[in-house]
Amino acid sequence: FIFVARIVGVENTGVYFFAISFTTIFTVVADFGMGPVFTREASRFPDRTNSYFNTVFWSKILFGLFAYLLVVLFANILKYPETTKLLIYISGITMFFDTLATAFNSIFRAKKNLIYESIGVIISQSTTLLIGTFALLNHWPLVWLILAYTIPSFINLIYISGFLKKVYGVAVRFAWNAEVFKIFFITALPFALAGIIGRLYSYSDSLLMSKMLTAKELGWWSVPYKITFAFQFIPVALSASVYPVFSSLFLTDKSSVGALFEKSWRYLFAIIFPVSFGLIAIAEPVIKRVFGPEYIPSIVPLRILLISLIFGFLSFITGALLNAINKQKTQTSLMALALTVSIILNLILLPVLKITGAAISALVSNFILCMVGFYLSTKQVNINLKNIIKYLNQTLWPAVIMGVVVYGLSFKIHYLATIVIGGVIYLGLLYYNKVI
């Protein structure tokens with residue numbers, strides 16, 4: 001994305017970013033909540049995995065085709081330019097391949113075996129980097145930057161389906177169980193609704209900006225959004241790991257669920273605090289030197305989004321917990337609340353503060369999502385608040401001290417050197433606090 005932002009310019013970056021964001025909203029329609037339900041049920045009843053799989057897979061085919069039709073329909077209803085629509089259409093194909101791949105990944109996740117999915121992600125992302133970089137260096141049309149996702153997505157689908165058959169003997173067959181579909185469909189409805197609301201929550205700001213702001217302003221917004229989004233692999237990976245364990249423990253050892261939640265937040269505290277405060281400290285030199293001086297308006301929104309990232313990280317675990325213990329309706333209601341707050345704030349702040357208003361909206365709504373989610377989680381399982389406060393104290397003030405030092409040094413030495421120094425300071429303070 002750094003290569004894209006530097007080479008194609010602010011406006012084209014905005015178009016490219018929006019095309020992917022627009023399609024991503026419809027991914028949840030293609031999945032329709034089947035993924036998390038399948039993972040949960042297969043982790044609880046391993047002997048039923050094969051009987052569930054083909055019904056889920058063919059359901060995803062149908063939902064995926066319907067989602068693609070919606071992508072085309074809304075792209076035309078909203079009257080986006082022809083170039084933007086072409087990028088959206090191709091990005092929609094990527095969405096279709098990705099949602100089919102999640103059917104295979106759900107089985108690996110249910111069996112707590114994430115190695116094959118991990119390898120697939122590495123291969124597909126590396127291929128994206130190679131195709132995208134080659135296209136950029138040769139000044140090919142923007143469409144190739146979208147194909148850089150579509151081609152690896154198809155390769156990953158073939159790869160993950162092959163290894164599922166090899167490892168667990170599960171393969172695609174023309175089989176359909178109407179009773180299984182009915183049960184999964186009804187169970188998945190809250191997940192689907194939560195997913196749709198969640199995607200709207202993540203990308204409603206981009207949709208509003210596509211109509212209320214210019215392509216250049218959307219390009220400025222894409223940089224802080226992409227920087228913060230890049231770190232979401234951490235809570236995504238952790239929540240993918242703990243979600244099936246939450247599900248099984250809720251049936252077999254409910255008292256251990258709270259302890260696993262505390263450990264999960266402890267790990268996220270130790271990671272997100274230095275990332276957030278460290279990047280806040282060096283936001284200005286990073287934007288100016290990495291992305292270029294034309295992206296200076298991105299600095300303030302980036303700093304606000306980095307604070308928002310803290311609450312976003314933690315809310316991944318609260319969401320995983322509530323979904324795993326059959327409280328998906330509660331999680332859906334919470335997401336709806338956060339989405340409503342986000343849209344209202346964006347409508348108020350975007351005309352006045354532009355992309356800074358979008359960042360403030362994200363911060364407020366993420367705070368609500370995290371703190372209300374935590375409160376609801378404590379009502380369902382036994383979470384030791386003293387442990388949470390202890391872990392917070394052990395990691396927060398070392399990160400703040402590190403951030404202050406890095407900010408001061410960023411005016412005197414190269415920002416890359418401050419990252420190394422900051423890392424040493426933070427690790428030293430963690431050792432002093434007996435976190436390590």
Side-chain angles (χ1 to χ4, degrees), residues 19-42 48-78 88-110 117 120 124 146 149-150 153-154 156-158 160-161 164 170-204 207 236 240 243 319 323 328-329 331-332 335-336 339:
I20 296 175
S21 301
F22 182 86
T23 309
T24 304
I25 296 172
F26 294 89
T27 304
V28 289
V29 178
D31 181 75
F32 204 77
M34 290 286 183
V37 172
F38 185 29
T39 299
R40 188 179 73 183
E41 297 305 311
R48 303 178 190 175
T49 299
N50 285 358
S51 63
Y52 289 157
F53 170 71
N54 281 285
T55 300
V56 170
F57 179 81
W58 292 108
S59 299
K60 281 176 168 283
I61 291 280
L62 295 176
F63 288 130
L65 292 173
F66 178 65
Y68 189 81
L69 290 176
L70 289 179
V71 167
V72 174
L73 178 64
F74 278 97
N76 283 276
I77 289 175
L78 295 173
I88 288 173
Y89 297 158
I90 298 174
S91 184
I93 299 173
T94 309
M95 169 199 70
F96 182 74
F97 291 148
D98 283 345
T99 192
L100 294 184
T102 60
F104 299 97
N105 288 331
S106 293
I107 296 180
F108 285 112
R109 292 186 178 195
E117 181 181 353
S124 61
I146 305 297
Y149 289 100
T150 308
S153 178
F154 178 72
N156 181 57
L157 175 61
I158 301 301
I160 200 67
S161 61
L164 183 64
V170 179
V172 176
R173 294 182 291 107
F174 289 101
W176 175 274
N177 187 315
E179 188 62 28
V180 169
F181 173 76
K182 180 181 177 182
I183 294 172
F184 270 54
F185 183 83
I186 294 172
T187 308
L189 277 173
F191 284 101
L193 184 57
I196 292 169
I197 292 172
R199 287 307 166 95
L200 287 173
Y201 174 64
S202 297
Y203 296 101
S204 61
L207 280 176
V236 166
Y243 174 72
N323 284 334
Q328 56 264 35
K329 291 182 180 179
Q331 174 64 9
T332 301
M335 291 296 300
L339 172 62

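Model, not experiment: these values are computed from the prediction. What you see below is based on every heavy atom in this structure, not just the backbone, and it leaves out hydrogens, waters and symmetry mates.
- Contact record, Ala188 with Val37: CA-CG2, 3.7 Å, taken as the closest heavy-atom pair.
- Applying the side chain to side chain contact (heavy atoms under 4.5 Å, CB included) test to Ala75 and every residue at least two apart in sequence or in another chain returns Phe22, Lys85, Ile88, Tyr89.
- Contact check for Leu339 versus Ser204: side-chain heavy atoms found under the 4.5 Å cut-off.
- The side-chain heavy atoms of Thr187 and Gln328, taken from C-beta on, include a pair separated by under 4.5 Å.
- Atom CD1 of Ile20 sits about 11.5 Å away from atom CD1 of Ile90, to the nearest 0.5 Å.
- Taking 4.5 Å as the limit, some side-chain heavy atom of Leu164 sits within range of a side-chain heavy atom of Phe53.
- Side-chain contact between Ile107 and Phe38: present, with at least one pair of heavy atoms (C-beta onward) separated by less than 4.5 Å.
- Contact between Leu157 and Ala101 at its shortest, heavy atoms only, is CD1-N, 3.7 Å.
- Between Leu207 and Ile25, the closest side-chain pair of non-hydrogen atoms falls below 4.5 Å.
- By the 4.5 Å heavy-atom criterion applied to side chains, Phe66 and Leu70 are counted as neighbours.
- With respect to Leu100, the side-chain contact (heavy atoms from CB on, under 4.5 Å) criterion is satisfied by exactly one of Asn156, Asp31, Ile61: Ile61.
- Across all non-hydrogen atoms, the minimal contact from Ser153 to Thr94 is OG-O, 3.5 Å.
- Here the rule is side chain to side chain donor-acceptor pair (under 3.5 Å) with Thr102, and of Glu117, Lys60, Arg109 only Lys60 fits it.
- With hydrogens and angles disregarded, a donor-acceptor distance shorter than 3.5 Å links the side chain of Thr55 to the backbone of Asn177.
- The shortest distance between side-chain heavy atoms of Thr27 and Arg199 falls below 4.5 Å.
- For the pair Tyr243/Asn323, a side-chain contact is recorded, criterion being any heavy-atom separation below 4.5 Å from C-beta on.
- If you look at Tyr52 and Phe184, their ring centroids are closer than 6.0 Å.
- Between Phe32 and Phe185, the angle of the ring planes stays under 30°, which puts this pair in the parallel group of the 30/60° scheme.
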Begin from the C-alpha positions of Phe57 and Phe104 and carry the test ring pair (Phe, Tyr, Trp, His ring centres under 6.0 Å) through to its verdict.
CA-CA 8 Å; Phe57 179 81; Phe104 299 97; 5.6 Å; yes
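- For the atom pair CE (Met95) and OG1 (Thr150), the distance works out to 11.0 Å, reported to the nearest 0.5 Å.
- We find the OG-CD1 distance between Ser124 and Ile160 to be 10.0 Å, quoted to the nearest 0.5 Å.
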Check step by step if ring pair (Phe, Tyr, Trp, His ring centres under 6.0 Å) holds for Phe96 and Tyr68.
CA-CA 7 Å; Phe96 182 74; Tyr68 189 81; 8.0 Å; no
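- The line from NZ of Lys329 to CG of Leu193 is 11.0 Å long, rounded to the nearest 0.5 Å.
- Scanning both residues, Ser91 and Ala19, for their nearest heavy atoms gives OG-O, 4.0 Å.
- Remark: aromatic rings of Trp58 and Phe181 are distant, center separation not under 6.0 Å.
- Contact record, Gly64 with Ala30: CA-CB, 3.8 Å, taken as the closest heavy-atom pair.
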